[in-house]
Structures are given as structure tokens and as C-alpha cells.
Novice: 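What follows is a single structure, and I will ask about it in a moment.
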2 protein chains.
Amino acid sequence: MNSIPEKTIGRLSLYRRLLNRLRAEDKTHLYSYELATLAGGTPARVRRDLMAIGYNGNPAHGYEVEGLIESLGHFLDTPQGQPVVLVGIGNLGRAILSFFTGRRPRLYIVAAFDSDPAKVNRVIHGCRCYPMQELPETVRGKGITVGIICVPAGEAQPVAEQLAAAGVRGILNFAPVRLHLPGNIYVEDMDMTMALEKVAYFAARKPNNVPGK
Amino acid sequence: MNSIPEKTIGRLSLYRRLLNRLRAEDKTHLYSYELATLAGGTPARVRRDLMAIGYNGNPAHGYEVEGLIESLGHFLDTPQGQPVVLVGIGNLGRAILSFFTGRRPRLYIVAAFDSDPAKVNRVIHGCRCYPMQELPETVRGKGITVGIICVPAGEAQPVAEQLAAAGVRGILNFAPVRLHLPGNIYVEDMDMTMALEKVAYFAARKPNNVPGK
DNA sequence: TTAACATTGTGAAATAAATCACAACTAATT
DNA sequence: AATTAGTTGTGATTTATTTCACAATGTTAA
Ligand SMILES: NC(=O)c1ccc[n+]([C@@H]2O[C@H](COP(=O)([O-])OP(=O)(O)OC[C@H]3O[C@@H](n4cnc5c(N)ncnc54)[C@H](O)[C@@H]3O)[C@@H](O)[C@H]2O)c1
Ligand SMILES: NC(=O)c1ccc[n+]([C@@H]2O[C@H](COP(=O)([O-])OP(=O)(O)OC[C@H]3O[C@@H](n4cnc5c(N)ncnc54)[C@H](O)[C@@H]3O)[C@@H](O)[C@H]2O)c1
């Protein structure tokens, strides 16, 4: 069976963001090559990606911005929205709170947790912060499915297990370690150290060694 | 010709980090399956990755931790080290400064820049901060090849062009836009919004739709 | 109405990456 | 010295993803 490539999911989310910006500029239609330029890619890949959501363009005007956004929403979002929790209110955790809290309607951080008593029971960047003890009841009580981990590397595995035990189904992990969880929990690693070393590697080699992406 | 897969580069950096931790625990040898468990992957992939650096293990004892670390360093690092600049001392920029400044010997942030006069001419998390005007001479003067972009989305393209013009060869980009630069400049995007939406997507689907990674 | 044009949707081909599977090897044991 | 056990290195294969390339299509203009 032909299922949707994992990378396509990420790009669909990117397309939607770009389209929302275009809509705000009153653009009503666009071609695959325009979206490809904005998203960084080829027109063929854009068309292939859009096949996944079953939205059809038109050879004369391309894709209708409004309809495509709606179609992407239908594909990517759940009707009831998806609240998110964050664990670890340190330097990075606070930056992320400032960015994601109260921004998107369907994907927003509803609570943050930390083991340090000095950091909890207050509001940071508009987000309520609680001690770790309250994590299970919050996650279970609100039916939260997504967690963000911003704790030190050594704490990431136990925190991930607590999240999984509480019912979270997907984790965005900023700690530079690989998590070992049951296979039905989706983990996406944001390993900045790895990314920076990769950049440094290619920055130091000759142009012909630099992949086009 | 068989060149090294791009993903292998990132994993080699991860292997090194894991090995450094093992060395600190006085482990002298390990097998591919052990490294695979730590890094999250298969033993075959670990062995295939290590083929790239030409370090040979031994069927009886596996890989020698010390020698492998050295070999990885030889492959990944440049002899002279690679200083890094960061642009955009906002919420995220400061978090990254706190994490990367003065940490690794070969890859460290030596200067940060911002267009806001209120944020410059001081030291944040141990890193000196300068106004944007001084970026070209700093980058050129110190032969800096790597830049990190932490400015708002709308400013990322012009900032990227300034970095490229000053001589930077690789960019780690945290702004949620795709940069358009000459093909000899390597760009790695850290798009947290995309990552979070991907997690949310898979968290909301059934287990059998969750890729194993 | 018809021809010209640029784009879509997609089967087929190409490329990239992961995995399989096994001969070759090393050290420990008999 | 021969045997066993368990791992490495890698050719071959499989799977994932991207790109090619072209018939089908909607629109515009003659
Ligand atoms: N700061 C960055 O830019 C950056 C960059 C790359 C990676 N990271 C990674 O992100 C993670 C967080 O980094 P940071 O700079 O914010 O660290 P930090 O030390 O500033 O913050 C960590 C927070 O986690 C809390 N914590 C510790 N153990 C906990 C536990 N068991 N349960 C709940 N909370 C706990 C601490 O109280 C603290 O508030 C680390 O794993 C780090 O490696 C951070
Ligand atoms: N904060 C996060 O956790 C987070 C998460 C995802 C993405 N991002 C992205 O990272 C980037 C930075 O986010 P932030 O939260 O730190 O924003 P911020 O507004 O806190 O900081 C942006 C900084 O960039 C500086 N700046 C603006 N224009 C500039 C220019 N032309 N040259 C130099 N400096 C300039 C500003 O003075 C400010 O200090 C944004 O693109 C954002 O979308 C941030």
C-alpha cells in the first residue's frame, strides 16, 4: 500500500503557513512552482505532496489559496484541537513558551511543568506553570496528546516515561538524547547540537560537497 | 560515486557525543548494537555510518571508544576549530547563547549581533553582543564560517544575505522561512512549528500510522 | 471553433537511505 | 590445533523519497 511519506506531513504544515501569509496579502490563486519557491523545493514535489490530501488544482489558475488552506486543515488538524504541555521551564522552555503560547488556535501550550518549586505556581509568557506532581491529572484530565521536553539530558528519559504513562501520544524532544518508548508513541528530536555540527561540517568543506537539499 | 549520506554526518556527531559520555564512565570498548541502542537505530546502520570515517572495529571487542572518538574528531572537525556567530538576541537567541557559549572547544559562539541598540554592547551568558554594523568586519576578520539566525521571520532573508556576503558558509536557521542563497552555502532549518505540527499529526492518528523512525 | 499555451496529475525512472544476510575474522575454550 | 560463539565489514536487496516526463486539461485569443 502507498502511504504518505513522513516528510510530506511536515511540508504540508509549511505549505499551510505560507498560504496563510499569502491569503493575508489577498492572493487568491497560485501555481505549484510558486509554492515550491516559497517552501524551498521543486514544483513536482509540491504537486506530489498535495496529492496526499486529495485537493485538486486547475491547469489554468493553479491552486485556490482559500480552498487549499481549508483542505490542509481538514487533513492535518483534529476537529477538537490539540492542547500541548511543556516540561522544563529553563532557558529554552521559556523561549518556547513565549513563542507558542496563545498563538495557534488548534495547537497551543496549555500548561508547563517543572520539578523546581521556585519555577512553578505562576504564569510565564501567559502560560500557567505547575509542579510535576500535577502532570498526570492535567494530561489525563484534559486529554492532552502532545508533550514538549525541555529538561536536561539526564532527566529526559524519565520525563518522557511520565508523559507516556499519563497518555501523551507524541513528543517533541529538545534534549540531546534518544528516548526509548513504546513504538506507538511518536518522537521527534530537535537536536540543535547535531544540527550545528552538521552545518559546521558542510561549512568547512568545498562547495561540491554541499548537498543541494 | 559513493559519497557519504547527509544523514550520516549528523549521526556521526551524535555518536561522538555518546562516546564521550561512555568514556567518562571508563568504558573502553563497545559493539555496534550498543551504540545503536544509545543512538536510536540499528546495528547495521551504525556499522554503515562508521564505514564513512574508515575506522575499523574488531569482531571480538567491537570498537575501541578512545580510538573511535579520535577518528570521529579527525573526520568531523577542522584543525583550527570553527567559531560561530549568532544574530538575533531575543528569547530564543538568549537561550541558545546560554547553551552553546563556552561549551565545546571547537564549536563555540564568539559573538552575537542584534539591530536593537538596547540589546548590544554588553555580555549575555558570557557572549559579547554587538550592533549589526560590526558583523561584516567580525566575520571577515575572524574567518567565521558558521552563523545562527534567530531573528523574526521577515528579517531572516536579509540577515542571511548579510551573513553570506560577510563570508559565512553554513547557516543554522531558526526562523520559520526558507532562505534563498547561493547553492554553495549550506542551510539547515530548525523549524519548530513544523516539528510540533508533525508530532501533533502522528499523535492524533492510530498506532499503525506511526512510523518507526 | 480551433489552435496555442502553460500547468496539473501521475506512472515510471532515478536517487537516497536503510536493511538484510553472510563470509571473514578474533578470541576464548576444548 | 581445532571448534565454537559472536561480531564486523560490506555486496546485494529493499524501502523511501524525489524527480522525470508527458498525456490531459482549462483558458485565452485568434
Ligand atoms: N538552551 C538551549 O538553547 C538549548 C539548546 C540545545 C539543547 N537544549 C536542551 O534543552 C534542554 C533544556 O535546556 P535549557 O537550556 O532550557 O536547560 P535549563 O537548565 O535552563 O532548564 C532545565 C529545566 O528543567 C527543569 N527540570 C530538571 N529536571 C526536571 C525533571 N525531572 N522534571 C521536570 N523538570 C525538570 C529544571 O528545573 C529547569 O527549569 C536540555 O536538555 C538541553 O540540552 C537547550
Ligand atoms: N522563541 C522560540 O522558541 C521560537 C520557536 C520557534 C521559532 N522561533 C523563531 O526564531 C526567531 C526568533 O524568535 P524569538 O522568540 O527569539 O524572537 P524575539 O522577537 O524575541 O527576538 C528577535 C530578535 O531579533 C532582533 N532583530 C530583529 N530584526 C533584526 C535584524 N534585521 N538584524 C538583527 N537583529 C534583528 C530583535 O531585536 C530581537 O532581539 C523567529 O524567527 C521565530 O519565529 C522562535
Side-chain angles (χ1 to χ4, degrees), chain A residues 1-12 14-15 19 27-65 67-68 71 75 178 183 186 189 194 198 202 208-213, chain B residues 1-12 14-15 19 27-65 67-68 71 75 178 183 194 198 202 208-213:
Chain A
M1 271 299 293
N2 47 35
S3 71
I4 297 164
E6 187 177 346
K7 291 188 167 183
T8 291
I9 304 298
R11 286 194 299 264
L12 290 173
L14 171 61
Y15 297 156
L19 289 166
K27 194 163 172 68
T28 60
H29 294 80
L30 91 172
Y31 296 115
S32 61
Y33 70 83
E34 298 178 277
L35 197 46
T37 302
L38 291 170
T42 64
R45 191 170 71 178
V46 168
R47 296 201 297 275
R48 180 73 61 190
D49 285 341
L50 295 186
M51 278 180 71
I53 63 169
Y55 182 79
N56 276 13
N58 157 320
H61 299 127
Y63 303 94
E64 197 211 325
V65 174
L68 186 47
S71 202
F75 180 84
R178 295 306 169 266
Y186 182 84
D189 291 305
M194 177 192 278
K198 221 164 105 174
F202 287 112
N208 55 328
N209 281 354
V210 178
K213 261 295 173 48
Chain B
M1 273 298 291
N2 47 33
S3 71
I4 298 163
E6 189 178 347
K7 292 189 166 184
T8 290
I9 304 299
R11 285 194 299 262
L12 290 173
L14 170 61
Y15 298 155
L19 289 166
K27 192 162 172 73
T28 62
H29 294 80
L30 90 174
Y31 297 115
S32 61
Y33 70 82
E34 298 178 278
L35 197 45
T37 301
L38 290 170
T42 64
R45 189 169 72 178
V46 168
R47 296 200 299 274
R48 180 73 64 187
D49 285 340
L50 294 185
M51 277 179 71
I53 65 169
Y55 182 80
N56 276 14
N58 162 316
H61 299 128
Y63 303 95
E64 198 211 324
V65 173
L68 186 46
S71 202
F75 180 84
R178 295 305 169 266
M194 177 193 276
K198 222 164 104 175
F202 287 112
N208 54 330
N209 282 352
V210 177
K213 259 299 175 40

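So you know, we letter chains A, B, ... as the sequences are listed, proteins then strands, and number each from 1.
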Novice: Rounded to the nearest angstrom, tell me the gap between atom NE2 in A/His61 and atom C1' in C/dG9.
Specialist: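 Computing the A/His61:NE2 to C/dG9:C1' distance gives 18 Å.
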
Novice: Taking only side-chain N and O atoms of A/Arg45, does any of them lie within less than 4.0 angstrom of OP1 or OP2 on D/dA16?
Specialist: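 For D/dA16, OP1/OP2 do not have a side-chain N/O of A/Arg45 under 4.0 Å.
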
Novice: Would you mind reading off the distance between A/Tyr63 atom OH and D/dT25 atom P, rounded to a whole angstrom?
Specialist: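 Those two atoms, OH and P, are 16 Å apart.
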
Novice: Look at the side-chain N and O atoms of B/Thr42 and state whether any lies under 4.0 Å from the OP1 or OP2 oxygen of C/dA18.
Specialist: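 It does not, given that no N or O in the side chain of B/Thr42 lies less than 4.0 Å from OP1 or OP2 of C/dA18.
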
Novice: For the atom pair NE2 (B/His29) and NE2 (B/His61), what is the distance rounded to the nearest 0.5 Å?
Specialist: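 The NE2 atom of B/His61 is 6.5 Å from NE2 of B/His29, to the nearest 0.5 Å.
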
Novice: Would you mind telling me which residue lines up with the more 5' stretch of DNA chain D, B/Tyr31 or B/Met51, judged by nearest nucleotide?
Specialist: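 It is B/Tyr31, whose closest nucleotide lies nearer the 5' terminus.
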
Novice: In whole Å, what is the span from the NZ atom of A/Lys7 to the P atom of C/dA16?
Specialist: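 Roughly 12 Å, once rounded to whole Å.
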
Novice: Starting from the 5' end of DNA chain D, give me the residue, A/Pro5 or B/Ser32, whose nearest nucleotide shows up first.
Specialist: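 Of the two residues, B/Ser32 wins.
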
Novice: CD of B/Glu6 versus P of C/dA18: gap in Å, rounded?
Specialist: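 Going from B/Glu6 (CD) to C/dA18 (P), I get 11 Å.
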
Novice: What's the CG-P distance between A/Asn56 and C/dT7, to the nearest Å?
Specialist: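 After rounding, the gap between these two atoms is 18 Å.
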
Novice: When you check the phosphate oxygens OP1 and OP2 of C/dT8, does a side-chain N or O of A/Arg47 lie under 4.0 Å from one of them?
Specialist: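 Yes.
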
Novice: Could you verify whether a donor N or O on one side chain and an acceptor N or O on the other, from A/Glu6 and A/Tyr186, lie under 3.5 Å apart?
Specialist: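 Yes, because at least one side-chain N or O of A/Glu6 sits under 3.5 Å from a partner of the opposite role on A/Tyr186.
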
Novice: Any chance you could measure A/Asp49, atom CG, to A/Ile9, atom CD1, to the nearest 0.5 Å?
Specialist: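 That separation rounds to 9.0 Å.
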
Novice: Enter the distance from A/Leu38:CG to A/Tyr33:OH here, rounded to the nearest 0.5 Å.
Specialist: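 Spacing of CG (A/Leu38) from OH (A/Tyr33) equals 11.0 Å.
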
Novice: Can you find a donor-acceptor N/O pair under 3.5 angstrom joining the side chain of B/Arg48 to the base of D/dT10?
Specialist: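 Side chain to base: no pair present.
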
Novice: Rounded to the nearest Å, what distance is computed from the CG atom of residue A/Leu35 to the P atom of nucleotide C/dT8?
Specialist: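 Answer to the nearest Å: 10 Å.
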
Novice: Nearest-Å distance, CG (A/Leu50) to P (C/dT8)?
Specialist: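 After rounding, the gap between these two atoms is 10 Å.
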
Novice: Can you tell me how far the CG atom of A/Leu12 sits from the NZ atom of A/Lys7, to the nearest 0.5 Å?
Specialist: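 It is 14.0 Å, given to the nearest 0.5 Å.
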
Novice: Of the options D/dA21, D/dT25, D/dT27, whose atoms approach the side-chain atoms of A/Pro59 most closely?
Specialist: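 Of the options given, the side chain of A/Pro59 lies nearest D/dT25.
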
Novice: In whole angstroms, how far is the P atom of C/dA6 from the CG atom of A/Asn58?
Specialist: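 From A/Asn58 CG to C/dA6 P: 16 Å.
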
